[in-house]
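Comments concern the structure below.
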2 protein chains.
Amino acid sequence: MKYTPGQKMNRNAARTLAAFSESMFLLLGEKEFDKITVNEICQRCDYPRATFYNYFDDKYDLVDYCWYQLSKDIHLDVVQARPSGDALETVFDEAFRLFSDQRDLLNRIVAHNPIDSPLVTHFLNHFTRTMTTILSTGMPKRHGQTPLVLVAQYYANTVLLVLKWVFLSQHETTLAEARTYLKELLTKPV
Amino acid sequence: MKYTPGQKMNRNAARTLAAFSESMFLLLGEKEFDKITVNEICQRCDYPRATFYNYFDDKYDLVDYCWYQLSKDIHLDVVQARPSGDALETVFDEAFRLFSDQRDLLNRIVAHNPIDSPLVTHFLNHFTRTMTTILSTGMPKRHGQTPLVLVAQYYANTVLLVLKWVFLSQHETTLAEARTYLKELLTKPV
DNA sequence: TCAAAATTTAGACAGTTGTAAAACCACAAA
DNA sequence: TTTGTGGTTTTACAACTGTCTAAATTTTGA
């Protein structure tokens with residue numbers, strides 16, 4: 001990413017970025033990520049190849065920007081607003097809503113890309129990271145010796161695991177069921 | 001992978017596979033995975049390019065085989081032998097040992113490949129998968145409504161999270177400390 | 001031991017990638 | 001209007017990828 005996202009940028013650059021990510025989203029719904037070429041992306045939105053490399057390092061960079069655009073919708077402030085206690089549940093619900101909204105897109109993506117493919121893995125990793133940063137502020141304090149970063153990663157991991165199960169492994173699951181899964185996982189069974 | 005691993009294969013094929021993965025391991029210690037080319041791999045072990053594509057689809061395929069070779073050392077039977085109760089601890093110790101043994105290699109790899117790079121992610125994913133299959137046999141039964149596969153993935157995730165912290169994020173940690181982290185994470189703090 | 005079957009290798013090919021230099025354009029300041 | 005500046009586009013290029021064909025070599029089994 002040569003233009004840092006969230007940066008001030010002129011109308012033209014914004015339009016170009018939007019066009020490229022639009023192309024990518026369309027292509028992701030049509031074919032395997034591996035088979036998508038930079039040429040194809042550029043044809044789609046009618047920009048020359050050089051312009052693509054002007055904005056992005058490669059197609060991985062672009063797809064990263066796509067995930068960034070998606071995850072923009074999870075509002076960080078939701079968490080800070082609440083007293084720490086149920087921060088996790090709030091964030092989970094928020095993420096669940098976001099994934100629901102994008103269900104069509106996600107279905108199309110997993111139709112062409114296996115669940116363990118680099119693409120899907122990358123997607124999940126992106127969200128795990130953003131969720132980790134969200135969670136690392138609102139964590140309950142007492143965790144013995146375990147470093148806080150590790151704890152935040154742990155919660156983010158588990159949230160994303162459930163979301164993956166529901167939305168990418170395509171198990172029909174209601175929000176209530178998903179909440180139950182999360183709670184049961186986080187509660188020691190023995 | 002065109003030759004299914006674990007298959008019966010003649011001495012020659014075995015030697016070839018070994019030579020290629022040897023090359024890959026060496027190169028991984030020297031430079032970023034992205035920058036490694038198939039040509040380079042072949043020069044290293046003095047096999048023609050056509051032979052490479054005879055055995056592997058691409059370099060990702062080869063590196064997958066490398067991880068497979070590494071993880072061979074975790075013996076599945078360890079788990080089956082034990083009564084379910086402490087299966088998790090046993091597997092964790094076993095994996096910790098394996099990662100310790102390969103510490104030099106891992107250090108060299110993360111020296112050239114960022115922790116969030118596709119390569120490292122792929123590495124962790126591979127182990128998460130094998131650990132999931134190991135764990136899905138020896139899980140404690142009572143988990144409410146949560147599907148068993150999900151539970152196994154959860155434990156595998158958490159184990160690998162700690163291992164990643166210790167061996168890839170390079171935090172000096174003893175086995176005892178690591179065990180504590182794992183236990184604290186799996187125990188609900190509230 | 002020999003011939004058939006299978007595997008390995010050399011060489012070539014079209015398509016892709018990422019980079020670099022130069023031409024081009026839009027827009028603002030002089 | 002002219003000029004300068006920053007960004008866009010064109011074009012060209014060297015390297016890599018993955019596939020294919022045909023020749024060479026090895027393996028197999030009768």
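Remember, it's a predicted structure, so these values are computed and weren't measured experimentally.
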ask   = When you match B:Arg49 and B:Thr16 each to their closest nucleotide on DNA chain C, which lands nearer the 5' end?
value = B:Thr16
message = I'd like to know whether B:Phe123 forms a side chain to side chain contact (heavy atoms under 4.5 Å, CB included) with B:Ile109, so could you lay out the CA-CA distance, the side-chain angles of the two residues, the decisive distance to 0.1 Å, and finally the verdict.
response = CA-CA 11 Å; B:Phe123 171 81; B:Ile109 289 178; 5.9 Å; no
inquiry  = Check this one for me: any side-chain N or O of A:Thr51 less than 4.0 Å away from OP1 or OP2 of D:dT8?
reply    = no
key: Strand-adjacent residues in residues 54-62 of chain A, judged by heavy atoms under 4.0 Å from DNA chain C   = A:Asp58
task = Please confirm whether A:Phe92 and A:Tyr155 have ring centers closer than 6.0 angstrom.
result = no
message = With a 4.5 Å cut-off on side-chain heavy atoms, are A:Leu70 and A:Phe25 touching?
response = yes
Can you check nucleotides 27-29 of chain D for protein contacts, nitrogen or oxygen pairs under 3.5 Å, and list what you find?
unit_1: D:dT27; atom_1: OP1; unit_2: B:Asn12; atom_2: ND2; d: 3.4

Min side-chain heavy-atom separation A:Ile36-A:Leu28 under 4.5 Å = yes
request  = Determine, for A:Arg108 against A:Asp104, whether the closest basic-nitrogen to carboxylate-oxygen distance falls under 4.0 angstrom.
outcome  = no
task = Examine A:Phe127 together with A:Phe99 and report whether their ring centres are nearer than 6.0 Å.
result = yes
ask   = Are the charged groups of A:Asp93 and A:Arg97 less than 4.0 angstrom apart, N to O?
value = no
task = Assign the ring pair B:Phe56 / B:Tyr65 to parallel, tilted or perpendicular, where the plane angle (0 to 90°) is split at 30° and 60°.
result = tilted
query = Where does the chain B footprint on DNA chain C start and end, counting 5' to 3' with a 4.0 Å heavy-atom cut-off?
reply = C:dT8 to C:dA10
Atom-to-atom span, CZ of B:Phe52 to P of D:dT19 - whole angstrom = 11 Å
ask   = Does the pair B:Leu27 and B:Lys35 meet the rule for a side chain to side chain contact (heavy atoms under 4.5 Å, CB included), with working shown?
value = CA-CA 10 Å; B:Leu27 285 165; B:Lys35 301 287 162 55; over 6 Å; no
Name the atoms and distances for all side-chain donor-acceptor pairs under 3.5 Å in residues 41-55 of chain A, with sequence neighbours left out.
unit_1: A:Arg44; atom_1: NH1; unit_2: A:Glu30; atom_2: OE2; d: 3.3
unit_1: A:Arg44; atom_1: NH2; unit_2: A:Glu30; atom_2: OE1; d: 2.8

query = Just by distance, do the side chain of B:Thr137 and the backbone of B:Thr133 share a donor-acceptor pair under 3.5 Å?
reply = no
query = Please, which pairs that meet salt bridge (charged side-chain N to carboxylate O under 4.0 Å, His left out) have at least one residue in residues 153-177 of chain A, sequence neighbours excluded?
reply = none
request  = Would you kindly confirm whether B:Leu26 and B:Val120 end up in one hydrophobic cluster when ILVMFWY residues are joined by side chain heavy atoms under 4.5 Å apart?
outcome  = no
query = Contacts to DNA chain C from residues 22-48 of chain A, heavy-atom cutoff under 4.0 Å, which residues?
reply = A:Thr37, A:Val38, A:Asn39
